[in-house]
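Report on the structure given below.
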Amino acid sequence: MSLTTPSESIIAEQLLYTASQVRELDRLAIAGGISGFDLMHRAALAAFRELQQRWPDCSPIEIFCGGGNNGGDGYLIAVLAAEHGLPVRVWALADPLALSGDAALAMQAAVDVGVTVQAWTGASPDPQAIVVDAMLGTGLTGAVREKYAQAIAAINDSGAPVLAIDVPSGLCSDTGNRLGVAIRASLTVSFIGRKRGLYTLDGVDCGGVKVFDSLSVPRYVYSQLKQSGAAKIEQLNCASMLARWGVRPRNSHKGMFGHVLVIGGDTGMAGAALLAAIAAARSGAGLISCATRPEHVAAFISARPEIMVHGVNVVADILPLLAKASVLVLGPGLGQSAWGHDLLNAALNSDKPVVLDADALNMIAAEPKLLQSHRGPRILTPHPGEAARLLACSTAELQKDRFASALAIRDKYQATVLLKGAGTLIAAASPESSMYLNSGGNAGMATGGMGDVLAGVIAAFVAQGCEPTLATCLAAAVHSAAADCAAERGERGMLASDVIDNLRGVINGYAALS
């Protein structure tokens, strides 16, 4: 199999949707002959089944219901609990008599089977109960109102496990931001379309374990949805791709798998460049070179003799190395002195594919014209702080909508963009392409050097012939899977080099790739 271009195997047919897109899917399903109340009943049944499976001895059940269809789901869950002989009560955050449509029908069904429905006046849930959050759903866009904020705080403080319906109350389903305060769910069951905010930023923690149910909405409904107005987001799963990559020919030689040149390692920052170079080697590149300060050469040779390390003082020293390379990694430990600036400028005055990270991004943010002379494909890999500098905004502003921010960087710098963070996003250089989200990885990755390793992995896949977006997506998945393998011994104290140690096993199929 060729991995030079993107294909359907890069994803697992898991599209992520905005709230407005899911509402349109809901409308199309109803127009196709499924009643709104039937969909609500299917949602309640799916959620109740998950509740029973996760908490088989569930008792009692306390359901917090809002005033919309999310609340209607909660009332029907109460009906199912009562029919199964489970003790259940509903705390109403909105006046039950003011409900309308399907939500009103659901509330009446709960009353008819004897469910206790009472207004919530500040009581905390029983810590031994199972709490069902059916308060706010996907429609929330502004800050949580005071009464709901108080209920959310009471639920979170109770310590009781929480099943969130569709999205945790208080979480923006489009961006993953907490809108003031949000439920910390143990389990979230979402319906019809996967909400993209569950998979990035605060949604990663607030959503807990995520379960999806399509409610048996026919596939033709999804094909009717027009994606205009929001980027097409696809969740990464590269396991099948790696499985189909196959073994290398027996008559392979190093020249077949590309030559990665890492440029970086200013005084006192040699480790960053070394990590990137070793990661590229462990990810299958045929040859690895590193251009760094002359005083680091001996240490590099001692640490990893397979890397061809070159001491460079001036631009002239690097020109022969640029000519031989297949792909360049610019930024790890590069610094922002004249030395680093000159090397970056020389490297960008070429047609070689480049992976830009760390100080290379900071220098480009301060001086965008550096990219004007670059004629090859480029991949930018910023963390939120670097991304904010690239867009000349604050980190808080950038994080308000990570999806829009990744696209804005893509458009401004004409590059494939990997925006790091919980729920890493990849925006392809082509505006017609999808965006991709990688939900792998863990909190142990919040330590120095992880980005240097990722840059090396991306470069190695480009060197082996992968198209830049494909290389970036595959590298993100491999990098996070290796980190998850490393975290089996615990997240605290995990090092970037621990991730490197697991790369080879993941890439060759000896370790799980999520």
Side-chain angles (χ1 to χ4, degrees), residues 260-277 279-280 289-297 299-300 309-319 321-322 325 327-350 352-374 376 378-395 397-398 405 408-409 412-421 446-456 458-459 496:
V260 174
L261 171 61
V262 178
I263 302 173
D266 201 352
T267 303
M269 296 183 288
L274 182 60
L275 286 169
S289 294
C290 187
T292 187
R293 287 284 192 181
E295 57 265 32
H296 299 148
V297 170
F300 273 56
V309 58
H310 306 270
V312 296
N313 280 315
V314 295
V315 168
D317 297 334
I318 203 172
L319 296 180
L321 307 179
L322 293 173
V327 57
L328 314 178
V329 179
L330 307 173
L334 186 63
Q336 298 184 55
S337 69
W339 179 83
H341 184 279
D342 290 347
L343 295 186
L344 175 64
N345 192 42
L348 290 175
N349 191 27
S350 73
K352 298 297 173 72
V354 294
V355 181
L356 298 163
D357 189 40
D359 286 320
L361 296 174
N362 291 326
M363 284 190 277
I364 288 168
E367 194 177 348
K369 67 178 183 179
L370 284 169
L371 285 177
Q372 290 178 357
S373 61
H374 183 244
R378 58 187 74 131
I379 301 168
L380 277 59
T381 62
H383 60 56
E386 292 161 345
R389 287 189 280 277
L390 288 168
L391 290 179
C393 67
S394 70
T395 302
E397 289 172 321
L398 179 125
S405 296
I409 297 170
K412 182 175 180 179
Y413 295 95
Q414 300 296 296
T416 295
V417 175
L418 182 147
L419 179 56
K420 297 170 184 172
T447 187
M450 289 291 174
D452 305 313
V453 172
L454 176 59
I458 295 172

Quiz item: Out of curiosity, Leu371 CG to Leu380 CG, how far, rounded to the nearest 0.5 Å?
Solution: 7.0 Å
Quiz item: At their closest point, which heavy atom of Ile318 faces which heavy atom of Ala291, and how far apart are they?
Solution: CD1-CB, 4.1 Å
Quiz item: When you measure from the side chain of His296 to the backbone N and O of Gly265, does any donor-acceptor pair fall under 3.5 Å?
Solution: yes
Quiz item: Is it true that a side-chain atom of Thr292 and a backbone atom of Gly264 form a donor plus acceptor pair closer than 3.5 Å?
Solution: yes
Quiz prompt | Atom pair CG/CD of Leu391 and Glu386 - distance to nearest 0.5 Å | solution = 12.5 Å
Exercise. For residues Leu390 and Val417, determine if any side-chain heavy atom of one lies less than 4.5 Å from a side-chain heavy atom of the other.
Key: no
Exercise. Kindly write out the residues that satisfy side chain to side chain contact (heavy atoms under 4.5 Å, CB included) with Leu319, not counting sequence neighbours, or none if the list is empty.
Key: Val315, Leu322
Exercise. Measure across Met363 and Gly335 and return the closest heavy-atom pair with its distance rounded to 0.1 Å.
Key: CE-O, 3.3 Å
Quiz item: Quick one: salt bridge (Lys or Arg N to Asp or Glu O under 4.0 Å) pairs with a partner in residues 353-369, sequence neighbours left out?
Solution: Asp357-Lys420
Quiz item: Between the side chain of Tyr413 and the main-chain N/O of Ile364, is any donor-acceptor distance below 3.5 Å?
Solution: no
Quiz item: Just by modelled atom types, is the Val314 backbone N or O under 3.5 Å from a matching donor or acceptor in the Asp317 side chain?
Solution: yes
Exercise. Indicate the atoms forming the closest heavy-atom contact of Asn313 with Trp339, along with that distance.
Key: O-CD1, 3.5 Å
Self-check item: Interatomic distance, Arg293 atom CZ to Asp266 atom CG [nearest 0.5 angstrom]
Solution: 4.5 Å
Quiz item: Measuring from His310:NE2 to Cys290:SG, what's the distance to the nearest 0.5 Å?
Solution: 9.0 Å
Quiz item: Any side-chain heavy-atom pair from His383 and Leu361 closer than 4.5 angstrom?
Solution: no
Practice problem: Grab the two heavy atoms, one from Phe300 and one from Ala273, that are nearest each other, plus how far apart they are. | Solution: CZ-CB, 4.2 Å
Quiz prompt | From Leu418 atom CG to Ile409 atom CD1, the distance as rounded to the nearest 0.5 Å | solution = 10.5 Å
Exercise. Can you see which heavy atom on Ala496 is nearest to which on Gly448, and at what distance?
Key: CB-O, 3.8 Å
Quiz item: Where is the tightest heavy-atom contact between Leu398 and Ser405, given as atom of each residue plus distance?
Solution: O-OG, 2.8 Å
Quiz prompt | Listed partners of Arg389 passing salt bridge (charged side-chain N to carboxylate O under 4.0 Å, His left out), at least two apart | solution = none
Quiz item: Under 4.5 Å between any side-chain heavy atoms of Thr267 and Glu295, yes or no?
Solution: yes
Practice problem: Test Leu356 against every option in Val329, Thr381, Leu348 by the side-chain contact (heavy atoms from CB on, under 4.5 Å) rule and name the one that passes. | Solution: Leu348
